[in-house]
Amino acid sequence: QVVTVVRMLLRLWMLWLARVQADESEFKQDFLEFDLNKDNQIDAQEVRAQFKGELDAKELHQFFIDVDQDLSGTISMQEYINYAASLNAAER
């Protein structure tokens, strides 16, 4: 019985890992689509361009407060992945 439980837990862990990797791949693709000048950073102009006027200044500012962890004024891929993963986890 212990072996069966261990196998079941291992299978669940592998399924979770596959899902996390798929999510991370999707987050990376999203980042690359936002990074219009391909400098591996997302700045406020790129965010505005992607949202085409649907994001007001207050929302943009809050987005950068939430995502830009090193306060550089731009968002790195890792910062974006961390943010997207946290939103994804909150939805589950």
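We use all heavy atoms of the structure for the numbers below, so side chains are in, but hydrogens, waters and symmetry mates are not.
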**Student:** Quick check: closest heavy atoms across Phe31 and Tyr80, and the distance to 0.1 Å?
**Tutor:**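 Closest pair (atom of Phe31, atom of Tyr80, distance): CD1-CB, 3.7 Å.
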**Student:** Any sub-3.5 Å donor-acceptor pair from Gln69's side-chain atoms to Asp66's backbone N or O?
**Tutor:** yes
**Student:** Any idea how Phe51 and Phe34 line up, ring-wise: parallel (<30°), tilted (30 to 60°), or perpendicular (>60°)?
**Tutor:**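 The arrangement is tilted - the two ring planes meet at 30° to 60°.
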**Student:** Which heavy atom of Glu33 sits nearest a heavy atom of Gln50, and at what distance?
**Tutor:**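 Smallest interatomic distance, heavy atoms only, reads O-NE2, 2.7 Å.
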**Student:** Considering residues, nucleotides and ligands other than Lys38, do more than 12 of their heavy atoms fall under 6.0 Å from its NZ?
**Tutor:** yes
**Student:** Check whether any side-chain heavy atom of Met77 sits under 4.5 Å from a side-chain heavy atom of Leu32, and report yes or no.
**Tutor:**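 Yes, their side chains come closer than 4.5 Å.
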**Student:** Got a second to check how far Asp56's CG is from His61's NE2, nearest 0.5 Å?
**Tutor:**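 So the gap between those two atoms works out to 11.5 Å.
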**Student:** Check whether Asp35 reaches the backbone of Asp39 with its side chain - one donor and one acceptor, N or O, closer than 3.5 Å.
**Tutor:**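 Answer holds: yes.
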**Student:** What's the shortest heavy-atom distance between Gly73 and Phe64, and which atoms?
**Tutor:**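 Reported closest heavy-atom pair: O-CE2, 3.5 Å.
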**Student:** Ignoring hydrogens, what is the shortest heavy-atom contact between Val47 and Leu55? Give both atom names and the distance.
**Tutor:**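 Closest approach of Val47 to Leu55, heavy atoms only: CG1-CD2, 3.6 Å.
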**Student:** Any idea which heavy atoms bring Gln41 and Thr74 closest together, and the distance?
**Tutor:**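 Heavy-atom minimum between the residues: OE1-OG1, 2.7 Å.
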**Student:** Nearest 0.5 Å please: distance from the CD atom of Glu59 over to the CZ atom of Arg48.
**Tutor:**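 The CD atom of Glu59 sits 12.5 Å away from the CZ atom of Arg48.
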**Student:** Do Gln62 and Ile65 come close enough that some side-chain heavy atom pair is under 4.5 Å?
**Tutor:**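 Answer yes - side chains close enough.
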